[in-house]
Amino acid sequence: MTARNLLRNKPQQRSLKLCGALLLALSACFLLVVIALRGYVGGHMPLSNGFETMQFMAFCMLVIALPLGKRIPFFLPFGLMAAGLALMVSMLGERNPQITTLMPVLASPLLSIHVILVMLSYSLFAFLFFNGVTALIMNRMGSSTAILNRLTDISRIMLYPAVFLLAVGIFTGAVWANVSWGRYWGWDPKETWALITMLVYSMTFHEQSLPAFRRPIFLHVYIVLAFLTVLMTYFGVNYVLGGMHSYA
């Protein structure tokens, strides 16, 4: 059976969709068990280093992909691919680091909430990146306007929770910093780049004053390039700029 016939075959599509959803669910359960075991052994939320945060990001991507994949099938392979990349990065950076007792300043529940919110937002930004790349490829292949408009609507809808979660994550991080260090904001490289990321993605909301964002292709190109700020915030700061947040 050719690929074209497979795409037209509804039962085959449903079978592939079911297999993808099952694989996502099993992978998410496995990661949840691993995260729970690390948390049980360490006595704290396992979000204290790059290995643990990347594991949690992979889990977030799988969980987000499951409900989205019910309505938008291509989010199922997106979730698997993004989670696989996150796990690969976690293994390359620091393979299974030793579980140790946290310093008191890192044991705050505010820090866990801060990291969870930021990882959720980064996961949504990753889906926006893949959706933007898909839209650009479909446009290059001469797909119908209806398909491009649907992909554009998906991007516009996902931008709101992604930016909102990042904003709330930055706010909770600032509150934790004030409790722990006595100041809300210190212009640390990670703080600065997180703010830059939020501002860059927030530009897409200003369609009235910035008419270019009304054009679907421009929006998708912008979203794809904007993901570079996420990569810089997480990886660039850790491996190039350093700072107080370079461990996360």
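Only this structure's heavy atoms are used, side chains among them; waters, hydrogens and symmetry mates stay out.
Closest non-hydrogen pair, Ala65 versus Gly79, comes out as CB-CA, 3.7 Å. A pairwise comparison of heavy atoms in Leu151 and Ala135 identifies CD1-CA, 3.5 Å as the closest pair. Minimum heavy-atom separation, Val163 to Ser202: CG1-OG, 3.6 Å.
Of the inter-residue distances, the one linking Phe75 atom CZ with Ile64 atom CD1 reads 10.0 Å to the nearest 0.5 angstrom. Residue Leu111 holds its CG atom at 9.5 Å from CD1 of Ile116, rounded to the nearest 0.5 Å. Here CG of Leu219 is found 9.0 Å from CG of Leu128. Values are rounded to the nearest 0.5 Å.
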Item to check | Residue pair Phe78, Met61: steps toward the side-chain contact (heavy atoms from CB on, under 4.5 Å) verdict | outcome: CA-CA 9 Å; Phe78 280 178; Met61 289 173 174; over 6 Å; no
Checklist entry - Passes side-chain contact (heavy atoms from CB on, under 4.5 Å), Phe129 versus Val230? Steps please. => result CA-CA 10 Å; Phe129 169 78; Val230 177; over 6 Å; no
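Between Tyr234 and Met54, some side-chain heavy-atom pair lies under the 4.5 Å cut-off. In this structure, the side chains of Tyr160 and Phe205 come closer than 4.5 Å at one or more pairs of heavy atoms. Counting only heavy atoms from C-beta outward, the side chains of Asp188 and Thr192 never approach each other to under 4.5 Å. Two residues are said to be in side-chain contact when any heavy atoms from C-beta on lie closer than 4.5 Å; Leu166 and Ile170 meet this criterion.
A donor-acceptor contact shorter than 3.5 Å is absent between the side chain of His114 and the backbone of Thr172. Gln55 contributes no side-chain N or O that, together with a main-chain N or O of Phe51, makes up a donor-acceptor pair within less than 3.5 Å.
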With a cut-off of 3.5 Å and sequence neighbours excluded, list every side-chain donor-acceptor pair involving residues 26-37.
residue, atom, partner, partner atom, Å
Ser27, OG, Leu23, O, 2.8

Under 3.5 Å, side-chain donor or acceptor atoms of residues 119-126 against the rest of the protein: list the pairs with distances, not counting sequence neighbours.
residue, atom, partner, partner atom, Å
Ser121, OG, Val118, O, 2.6
Ser123, OG, Met119, O, 2.8

Donor-acceptor contacts, no H, no angles, side chain residues 220-227, under 3.5 Å, sequence neighbours left out:
residue, atom, partner, partner atom, Å
His220, NE2, Thr152, OG1, 3.1
Tyr222, OH, Val200, O, 2.6

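Side-chain atoms of Thr229 and Tyr201 include no donor-acceptor pair closer than 3.5 Å.
Note on residues 124-134: pairs passing side-chain hydrogen bond (donor to acceptor under 3.5 Å, both in side chains), not counting sequence neighbours, are Asn131-Ser155. Sorted by first and then second residue, the salt bridge (Lys or Arg N to Asp or Glu O under 4.0 Å) pairs involving residues 210-232 (not counting sequence neighbours) form an empty list. A salt bridge (Lys or Arg N to Asp or Glu O under 4.0 Å) check over residues 119-136, counting only residues at least two apart or in different chains, returns nothing. Pairs engaging residues 153-163 under the salt bridge (Lys or Arg N to Asp or Glu O under 4.0 Å) rule: Arg156-Glu207 [sequence neighbours left out].
Remark: Ile137 engages Val133, Met141 in a side chain to side chain contact (heavy atoms under 4.5 Å, CB included) (not counting sequence neighbours). By the side chain to side chain contact (heavy atoms under 4.5 Å, CB included) test, Leu210 is found to be paired with Met203, His206, Phe213, residues two or more places apart in sequence or in another chain being considered. In this view, Tyr40 satisfies the ring pair (Phe, Tyr, Trp, His ring centres under 6.0 Å) rule with no residue, not counting sequence neighbours. Tyr184 is linked by a side chain to side chain donor-acceptor pair (under 3.5 Å) to Asn178, counting only residues two or more places apart in sequence or in another chain. By the side chain to side chain donor-acceptor pair (under 3.5 Å) test, Thr204 is found to be paired with no residue, residues two or more places apart in sequence or in another chain being considered.
Relative ring orientation between Trp187 and Trp185 is described as perpendicular, the plane-to-plane angle rising above 60° on a 0-90° scale split at 30° and 60°.
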